[in-house]
Amino acid sequence: MCPSVIDRLQKQLLELADRHQVDIIPGTIITNGYLLDSDMARHLKDLGIAHAQVTIDGPEAIHDGRRKLRNGKGTFRRIVDNLSDTADIMKINVRINVDRGNVDSAYEVVALLQNEDILPKVDIHFAQVNTSGNTCADIRDRCYGDEEFSHTLVKIYSRLFDEGIYRVEYPRVFTGAAFCGALSEGYFVVSPTGHLFKCWEELSLDPEKSIGDVLATTPGEEQRKKLEEYMAWDPFNMHECRSCGVLPICMGGCPVRGMANQDASKGECLYWKYNLEEMITLHYSCKMREAIDR
Ligand code: SF4
């Protein structure tokens, strides 16, 4: 999305909020970070977009092999420089994508952020690369399964710990809120054609999975059914979830993947189901080492 579109949309949203006297929560942008320099970060912040998620695919050689400009040049160095320039302006979460092809060097990205003094100013998380339907079928062999990924996460964080980098994810308990905004009534993803979707994973020019249309006052029959499917999705109605120890930190996981499951007795298990004890142990070790080093 070019900045002028963001400007136009965000200004109109702010005007609407002002007219109806409602608060508007700070916006988040998901970006490859290439154009997110300090001027852009200040501009976005002035528009009420205070958070950014920046995705990195591995250390320089791997990232640049996967994410290059049209002229073949890499993007990694500029993204890291941008992180350095913007981390004091916006709240930034660096998402490090992990699959079988880059796992051995995933920790190097964090070590680099540490060496460049960026790490203390940003949040990081490692994300499982998934295929999305047939769109990414060519990378299917590279992707981890859910349980395997959860053990991979433990290995990555253990390696960071061994290298003296005391960062590890900690689960959050969902207090009343669902796992995903898609289960809220007023949550929509708008496609360029004006179709409304519940999940960006379903976003496509194919209206089959839409639940409405910005130009129509009432949804079509299929769209209404699709919306009802989302609204009815509830881990408390799934017997395996009801008796699951990690329900408060999972809430049935991703609804769109859960709905695609053949097994209707549970949702889409989050990795905490398989690695909670090890991650909590690591978290405790990190806190202890930080206290000793202080
Ligand atoms: S981990 Fe699996 S069984 Fe447990 S709450 Fe989540 S989806 Fe349900």
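Fair warning: this is a prediction, and the values are worked out from it, not measured in the lab. Both counts, for ligands and for their atoms, begin at 1 and track the order of listing.
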Could you tell me whether [X] and [Y] have a side-chain N and a carboxylate O separated by less than 4.0 Å?
| X | Y | value |
| --- | --- | --- |
| Glu228 | Arg224 | yes |
| Asp39 | Arg42 | yes |
| Lys225 | Glu208 | no |

Glu268 side, atom CD; Met259 side, atom CE - distance, nearest 0.5 Å: 11.5 Å
Indicate yes or no: at least one non-hydrogen side-chain atom of Phe126 is less than 4.5 angstrom from one of Tyr157. yes
Cation-pi, Phe188 ring and Lys198 (6.0 angstrom, 45 degrees): yes
Using a cut-off of 2.8 Å, find all protein N, O or S atoms closer to atom 6 (Fe) of ligand 1 than that distance. Cys250 SG
